[in-house]
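Data block below; observations after.
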2 protein chains.
Amino acid sequence: MRRSKKERQERLQETIQANPFVTDEELAGEFKVSVQTIRLDRMELSIPELRERIKYVAEQNMHDEVRSLPIEEVIGEIIDIELDKSAISIFDVKKDHVFKRNGITRGHHLFAQANSLAVAVINDEMALTGKADIRFTRPVREGERVIAKAKVTRLEKLKTIVEVSSFVGSERVFCGEFSMFRAPAAEKDDQDEIGN
Amino acid sequence: MRRSKKERQERLQETIQANPFVTDEELAGEFKVSVQTIRLDRMELSIPELRERIKYVAEQNMHDEVRSLPIEEVIGEIIDIELDKSAISIFDVKKDHVFKRNGITRGHHLFAQANSLAVAVINDEMALTGKADIRFTRPVREGERVIAKAKVTRLEKLKTIVEVSSFVGSERVFCGEFSMFRAPAAEKDDQDEIGN
DNA sequence: ACTGTTTTTAGTACCTAGTCCTAATATCGG
DNA sequence: CCGATATTAGGACTAGGTACTAAAAACAGT
């Protein structure tokens with residue numbers, strides 16, 4: 001043994017991870033063992049052969065050929081609103097909103113819908129989110145319609161708490177508590193918890 | 001001739017372009033000609049063989065080696081990543097990202113950058129955000145460059161905590177704690193705190 | 001209809017980077 | 001020294017080709 005099987009296999013794994021394009025022959029040369037040993041190692045580590053590795057890498061590439069998606073102005077369509085009280089919006093999940101990998105909606109879209117609604121419900125046009133505590137409670141898939149309901153639960157001069165729950169049918173998929181600031185100009189020096 | 005050589009070759013080129021993973025045999029079936037004819041066609045069009053095509057696609061992919069999330073799906077540009085440890089991305093705030101009224105960045109873009117980064121840093125096929133506790137600590141304006149830094153602070157089999165802080169220059173503008181799931185299929189019945 | 005050209009098909013040998021399997025050695029620990 | 005583990009060697013087979021030769025089929029012009 002040049003160094004013990006274990007150590008070689010560890011290094012083998014790293015090597016292939018770093019460069020999936022390496023052949024067994026090259027690896028054999030690298031580790032000064034026979035090609036057969038490399039193959040046994042791959043078997044034990046269940047590392048697929050070169051072509052399968054390359055194919056996998058290539059497939060990764062093909063599965064998402066859509067470029068980065070610009071998030072449009074308003075997320076969701078507001079269908080009902082009572083300023084400083086409550087609001088409802090709907091958001092239809094399209095192909096662009098989901099991970100190509102698994103078809104699950106990317107979290108920031110659900111966040112954006114809820115956050116947009118929290119901003120919209122505030123009767124001041126200039127609301128900023130300071131803090132948010134959110135939960136994604138069920139994955140949302142392409143084609144599903146998300147209905148977000150916002151409720152103002154506390155209303156102060158500067159601070160307003162908005163609770164938003166989003167549903168697909170009767171199932172809740174998201175909930176969050178947004179701490180909103182009815183900020184004025186908001187120039188430079190705001191110390192903490194400002195922004196949107 | 002089923003349709004003339006020329007037409008077949010044009011369609012061949014398109015077909016392979018659309019799906020580089022197709023074999024000569026499959027193409028022969030598709031176009032109702034022999035495998036040899038397909039090979040002559042490829043020769044004349046100088047289209048490389050299946051394996052070379054796959055390899056090419058894979059090599060394209062290797063130029064940026066993000067694993068968990070294809071790079072196109074990350075909001076912002078990842079400039080450094082150590083899987084399961086830390087990651088850094090930059091995001092330039094453009095006109096499209098701010099409120100018209102006051103030029104302040106809409107919160108969900110900062111959230112998206114941070115959330116994307118939290119997903120990307122995870123060294124697994126799939127990561128979903130379950131929970132997030134976030135704070136917007138300073139408004140970000142058009143033209144500013146936001147640097148998000150993610151750090152994995154807890155790493156378990158299924159749950160991973162990622163802390164993300166975003167800065168403009170030396171000022172922190174956002175911070176959040178993301179509770180991520182290294183989820184497998186994630187089908188129907190997940191009770192709570194799943195989704196992304 | 002016959003000829004000439006182009007196009008298509010068939011078949012062979014060979015290649016790479018493997019798999020799967022058997023069998024012979026090497027090497028190590030007790 | 002013995003038995004277990006590890007390594008190496010070899011053969012048969014595979015996919016998805018290349019490179020080449022040769023025959024057959026299709027088409028065009030006269």
Side-chain angles (χ1 to χ4, degrees), chain A residues 1-65 100-101, chain B residues 1-67 70 83 123-125 184:
Chain A
M1 269 181 262
R2 275 100 195 134
R3 212 55 182 265
S4 95
K5 191 176 168 179
K6 206 166 179 177
E7 197 195 301
R8 185 190 58 236
Q9 291 194 341
E10 276 167 23
R11 294 212 294 132
L12 185 79
Q13 197 141 37
E14 289 162 21
T15 307
I16 293 176
Q17 188 114 27
N19 169 213
F21 297 88
V22 70
T23 64
D24 287 356
E25 209 162 276
E26 290 168 331
L27 289 163
E30 179 78 16
F31 293 109
K32 304 234 179 196
V33 292
S34 69
V35 182
Q36 284 81 352
T37 301
I38 296 294
R39 286 176 182 163
L40 282 174
D41 285 347
R42 275 201 299 100
M43 283 255 260
E44 285 174 25
L45 302 166
S46 44
I47 296 170
E49 64 169 278
L50 172 68
R51 286 152 185 159
E52 292 307 311
R53 294 194 304 261
I54 290 178
K55 203 161 133 187
Y56 177 76
V57 173
E59 273 165 355
Q60 295 283 93
N61 210 22
M62 294 309 284
H63 275 307
D64 26 56
E65 77 284 321
K100 303 293 166 295
R101 191 70 123 282
Chain B
M1 270 182 264
R2 275 105 196 128
R3 214 54 183 264
S4 96
K5 192 176 168 179
K6 205 168 180 174
E7 197 194 302
R8 186 191 56 237
Q9 290 193 342
E10 278 168 21
R11 294 212 294 132
L12 186 79
Q13 198 140 35
E14 290 163 21
T15 306
I16 293 176
Q17 188 113 30
N19 170 212
F21 298 87
V22 69
T23 64
D24 287 356
E25 209 163 277
E26 289 168 332
L27 288 164
E30 178 79 16
F31 293 108
K32 304 231 176 194
V33 292
S34 70
V35 181
Q36 283 80 353
T37 301
I38 296 294
R39 285 175 183 164
L40 282 173
D41 284 348
R42 273 201 299 99
M43 283 255 259
E44 287 175 24
L45 300 166
S46 45
I47 296 169
E49 65 169 275
L50 172 69
R51 286 150 186 158
E52 292 307 311
R53 294 193 305 261
I54 289 178
K55 204 161 133 188
Y56 177 76
V57 174
E59 274 164 355
Q60 295 287 92
N61 207 21
M62 287 314 278
H63 275 308
D64 29 45
E65 82 295 319
V66 177
R67 185 168 243 72
L83 292 170
N123 184 16
D124 219 322
E125 271 285 329

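Because only heavy atoms are used, hydrogens play no part in the values below, and waters and symmetry mates are left out as well, while side chains stay in. Remember, predicted model here, so these are calculated numbers, not experimental data.
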Does B/S34 have a side-chain nitrogen or oxygen under 4.0 Å from the phosphate oxygens OP1 or OP2 of C/dT9? yes
When rounded to whole Å, the CG to P distance for the pair A/D41 and D/dA6 reads 10 Å
Side chain proximity check, A/E59 to A/K55, heavy atoms < 4.5 angstrom: yes
I need the CD-P distance between A/Q9 and D/dT7, as an integer number of Å. 8 Å
Side chains of A/V22 and A/I16: closer than 4.5 Å at any heavy-atom pair? yes
Please state how far atom NZ in A/K32 lies from atom P in D/dT7, giving the value in whole angstrom units. 16 Å
Which whole-number value in Å describes the distance from B/L40 CG to D/dT18 C1'? 12 Å
Over how many whole Å does the gap from A/Q36 atom CD to D/dG10 atom P extend? 9 Å
Does a side-chain heavy-atom distance below 4.5 Å link A/F31 with A/T37? no
Does the side chain of A/R8 get closer than 4.0 angstrom to OP1 or OP2 of D/dA6 through an N or O atom? no
Return no unless some side-chain N or O of B/T37 is found under 4.0 Å from OP1 or OP2 of C/dT9. yes
note: B/R42, atom CZ; C/dT8, atom P; distance rounded to Å ~ 15 Å
The side-chain hydrogen bond (donor to acceptor under 3.5 Å, both in side chains) partner of A/D41 among A/Q13, A/Q9, A/K5 is A/Q9
Side chain of B/R39 only, heavy atoms from C-beta on: which candidate in C/dA17, D/dG17, D/dT7 is closest? D/dG17
Rounded to whole Å, the CD1-C1' distance (B/I54 to D/dG17) equals 12 Å
To the nearest Å, how far apart are A/L27 CG and D/dT7 P? 15 Å
Is there a donor and acceptor pair, one atom on the side chain of B/R51 and one on the base of D/dG16, closer than 3.5 Å? yes
Let me know, please, whether B/I38 or A/M43 comes out on the 5' side of the other along DNA chain C by nearest nucleotide. B/I38
In the structure I gave you, are the side-chain heavy atoms of A/I47 and A/R53 within less than 4.5 Å of one another anywhere? yes
